[in-house]
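In what follows, every chain begins at residue 1, and chains take the letters A, B, ... in the order their sequences are listed.
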Amino acid sequence: MKVDGQRYEGSVSSGADLLAHLSKEVIKDVVVLNVNGVLVDVSHALDPDDEVELIHADSPDGLDIVRHSCAHVLAQAVLRLFPGAQYAVGPTTEDGFFYDFALENDRRFEASDLSAVEAEMRRIVAEDQPFVRDVITLDDAEELFVSQPFKREILATLREADATQQVSVYRNSAEFVDLCRGPHVPSTRYLKSFRLQRVSGAYWRGDESRPQLQRIYGIAFATEKATEAYLTFLEESEKRDHRRLGQELDWFHFPPEIGPGLAVFHPKGAYIRYRMEEFSRTKHLEAGYELVWTPHLAKSTLYETSGHLEWYKDGMYPPMELDEGDLYYPKPMNCPGHMLIYRAQPRSYRDLPLRLFEFGTVYRYERSGTLHGLLRVRGLTQDDSHIFCTPDQLKDELGRLLRFVIAILRAFGLEDFDAELSTRPEKSVGNDAEWEFATEAARLALDTSDIEYSIAEGEGAFYAPKIDIHLTDAIGRRWQLSTLQIDLQEPQRFGLEFQDASNQKLRPYMIHRALFGSVERFFAILTEHYAGALPGWLLEEQIRILPVAQEAQNWADTVASRCKANGLRVVVGSAGEPLGGRIRKAKVDKVPYILVVGNNDVAAETVGVNRRGAAKEERGIALDVFIAEATEALREPTLEAF
RNA sequence: GCCCGGGUAGCUCAGUCGGUAGAGCAGCUCACUCGUAAUGAGCAGGUCAGGGGUUCGAAUCCCCUCUCGGGCUCCA
């Protein structure tokens, strides 16, 4: 037998037997075993030629087991406190677990129930109840769960797949049993650290037409220390929340008078947008894109042609009726407009690739419950591009596009990317050859890029494969940013053509591409990544000059005009209130540079420099030296080659 | 859309048993003129989200609507 890669000579009959023979050090926090590549309970029987790996609670597999066992204990606790409760499913999540219930008399969990349930869970953990596995027939299982309709529905699904199979159940003491594939921790005392977080509704099997269950979410880790670290992370996330920072920094808000999901940008926030957009426009022009503009409304016939009314109607704002009954829809996407621009004249292969670019504001009827700050809105501005190219050009164009996207994102100081290639889903349109061709082009483009990628089988749009770019932010959260989709369907719907060198009419490929995704969303992600301290080149106020007292006011004005002459954006404060208060205000406003000038500086032509994020200020810096530093640090980034 | 929890001054929030609205910050005025994260005093600021109901009396209890947050769901 091999244990953790080492030959083990002893003769043991089961995992538990094996652990009994190993040192305390080695078996500490072993929650399950990996036997010949399969995770099993510690009690599992062992053969002499098995290869065994001890799985500890703090490993990825071990943590998953801990969380899953926590879910069982949650269900057990709920059943103790709410007799007659029905329990449905209880899987693990990224940071913990949940379990879905239906309580008697349609009773709902309230926030205050959570602490009672959590206390009951701790009692069960203290009782050190073993998780005991039992394998039974489907008939016996039906009998066992006779009063648990959700369990019986799962059993019915299993029976459909294979009527002769046996299923495993796990018992904790005599009072609780759950249908479960396992494995589990040996006993409840292995559940060292968990917290119940929230309660919400969730449809049975995610189906809106099925009953809505009560879901309790919890987090769980191998140690209390890890849980506390995670809670600290949650606090940090809260501090970075763009909705909170947007309020504090006076960037934007959502007036109820306008409607949910529709933001207004205040002057400071709008300035940031302006810089983002201008930078983007300039770089697109340099990269061979052409700017276009399309209106916010279009007749229903356009969206019939594009297929949006067929496929996406639920996501569209309702139409307004004009004139002789024409229906005008607010645009949910920019592509149909761009199609018409392509089609406005006969296209030659010499015109391709044709890269159209627009900051296009679109309106989408997102369901009210899904709205979330600037990340999920009903009115958004996409930095949208549609690239039309010949089949021959597709691979190179994708590669070039990918490099351009990454170069732009890097210019915003973002570093940590990965890509995902989503392939053909089960329900899709188009023929095999097209899919194969497009997917292969995407794969080759990714191979030549310098970012890592994974394949998401069957996750593509129904009309095309796509590449999504993800960012991992400053505190490790993953955000989806750009998306690239290869589309042959829409060009076909609009009858797009180009004439090739041998005078044939061919259909162009089209690449849909949003780089920021939407300006609003990108704004939010940048805010969270930088915790509100955005790169200085985006800000309207880059430098705030504070005269210590009235006597330094003239010098402050002089410093300001020298800065302005060098293209820096400056605000001069007046010496109204105590310096400490004015400094604090500037810090709270997250101004990149605070310059304090007093009598000592007037004669020496110096400034005191307080840099954002620096531990301590620096005094007596020659003005020229500061201007050189600030000009460099606040300069608009240049793009790396792509 | 559905479930749970909220909505009180510009912001953050308190408001007991149903007895008629409060703080800090911000704003304004005055004084202070200051060397690196909150100077002091005063003033002003409210349809307690909106509507309906119960009650002698409602921020408080009930119903409806709007809206925000957390989830579910959806995402061409």
Side-chain angles (χ1 to χ4, degrees), chain A residues 93 98 100 102 106 108-114 197-217 238 241 243-244 247-248 250 253-261 303 306-316 332-333 335-336 362 364-373 376 425 428-429 460-464 466 480 483 485 487 489-490 493 512 544 546-553 574-590 594-601 607-611 614-620:
Chain A
T93 63
F98 65 78
D100 288 349
D106 238 9
R108 309 290 176 193
F109 288 122
E110 287 158 29
S112 57
D113 292 327
L114 286 187
Q197 292 289 87
R198 58 180 63 93
V199 50
S200 77
Y203 297 100
W204 170 232
R205 297 195 156 175
D207 182 344
E208 251 177 287
S209 66
R210 309 296 305 271
Q212 186 164 41
L213 305 175
Q214 299 282 299
R215 175 171 296 179
I216 294 181
Y217 281 91
E238 220 166 287
D241 191 314
R243 293 165 301 184
R244 175 200 176 110
Q247 169 78 256
E248 284 172 9
D250 193 19
H253 85 288
F254 291 87
E257 292 84 347
I258 293 182
Y303 299 115
S306 70
H308 286 97
L309 276 176
E310 188 181 343
W311 296 103
Y312 193 64
K313 188 158 195 238
D314 289 348
M316 292 168 66
M333 294 188 195
C335 39
V362 298
R364 297 177 177 182
Y365 181 71
E366 299 283 358
R367 301 216 282 177
S368 62
T370 66
L371 300 173
H372 182 91
R376 195 72 184 256
S428 60
V429 297
F462 74 84
Y463 57 91
K466 61 175 180 177
Q480 190 190 312
T483 170
Q485 303 184 352
D487 190 352
Q489 299 306 316
E490 204 167 352
R493 298 188 76 109
H512 301 255
R544 188 175 301 177
L546 302 176
V548 173
Q550 205 75 60
E551 306 102 81
Q553 190 76 49
S574 58
E577 50 186 310
L579 183 63
R582 286 180 286 148
I583 300 244
R584 177 170 188 281
K585 216 166 279 171
K587 288 280 185 190
V588 168
D589 289 343
K590 301 187 194 294
I594 304 166
L595 298 187
V596 174
V597 295
N599 273 335
N600 300 342
D601 295 300
V607 292
V609 181
N610 193 326
R611 300 174 183 86
K616 205 175 170 350
E617 78 283 0
E618 218 180 314
R619 299 190 195 178

Asker: Quote, to the nearest angstrom, the C1' distance that separates B:rA37 from B:rC25.
Answerer: 15 Å
Asker: Hey, is the main chain of A:Met316 close enough, under 3.5 Å, to the side chain of A:Arg364 for a donor-acceptor pair?
Answerer: no
Asker: Out of B:rC72, B:rG35, B:rA37, which has the shortest distance to the side chain of A:Tyr217?
Answerer: B:rC72
Asker: Nearest to the side chain of A:Arg367, heavy atoms from C-beta on, is which of B:rU36, B:rC68, B:rG1?
Answerer: B:rG1
Asker: Rounded to whole Å, how long is the line connecting atom CD1 of A:Ile216 with atom P of B:rC3?
Answerer: 17 Å
Asker: If you measure from the C1' atom in B:rU60 to the same atom in B:rC3, how many Å do you get, rounded?
Answerer: 25 Å
Asker: Please measure how far the P atom in B:rG19 lies from the corresponding atom in B:rA59, and state the result in whole Å.
Answerer: 10 Å
Asker: Please report the distance, rounded to the nearest Å, between CD in A:Gln197 and C1' in B:rG5.
Answerer: 15 Å
Asker: Out of B:rC75, B:rC34, B:rC72, which nucleotide sits closest to the side chain of A:Thr370?
Answerer: B:rC72
Asker: Between atom CD in A:Gln550 and atom P in B:rU33, what is the gap in whole Å?
Answerer: 11 Å
Asker: Rounded to whole Å, please give me the gap between CE in A:Met333 and C1' in B:rC75.
Answerer: 8 Å
Asker: Suppose you measure atom P in B:rA23 against the same atom in B:rU67; what distance do you get, rounded to whole Å?
Answerer: 33 Å
Asker: Can you tell me the distance, in whole Å, between the CZ atom of A:Arg376 and the C1' atom of B:rC74?
Answerer: 7 Å
Asker: Sticking with atom C1', work out how far B:rC11 lies from B:rC68, rounded to a whole angstrom.
Answerer: 15 Å
Asker: Are A:Asn610 and A:Lys587 close enough that some pair of their side-chain heavy atoms sits under 4.5 Å apart?
Answerer: yes
Asker: Assign each of A:Leu371 and A:Leu213 to its nearest nucleotide of RNA chain B by heavy atoms, then name whichever residue's nucleotide is nearer the 5' end.
Answerer: A:Leu213
Asker: Can you see if the side chain of A:His372 gets near the phosphate of B:rG70 - specifically, an N or O under 4.0 Å from OP1 or OP2?
Answerer: yes
Asker: Answer yes or no: side-chain N or O of A:Tyr203 and base N or O of B:rG1 forming a donor-acceptor pair under 3.5 Å.
Answerer: yes
Asker: I need the NE2-C1' distance between A:His308 and B:rC75, as an integer number of Å.
Answerer: 12 Å
Asker: Between A:Glu551 and A:Arg584, which residue's closest nucleotide on RNA chain B lies nearer the 5′ terminus?
Answerer: A:Glu551
Asker: With rounding to whole Å, what would you report as the distance between B:rG52 and B:rA58 at their C1' atoms?
Answerer: 13 Å
Asker: B:rU65 and B:rA9: how far apart are their C1' atoms, nearest whole angstrom?
Answerer: 24 Å
Asker: Distance check needed: B:rU36 C1' versus A:Arg619 CZ, whole Å only.
Answerer: 6 Å
Asker: Tell me what A:Gly608 touches on the nucleic acid: a base, only sugar-phosphate, or nothing, going by heavy atoms under 4.0 Å.
Answerer: base
Asker: So what does A:Asn599 hit on the nucleic acid, given a heavy-atom distance under 4.0 Å: a base, only sugar-phosphate, or nothing?
Answerer: base
Asker: Taking the side chain of A:Tyr365 as its heavy atoms from C-beta onward, which of B:rC75, B:rG1, B:rC34 lies nearest to it?
Answerer: B:rG1
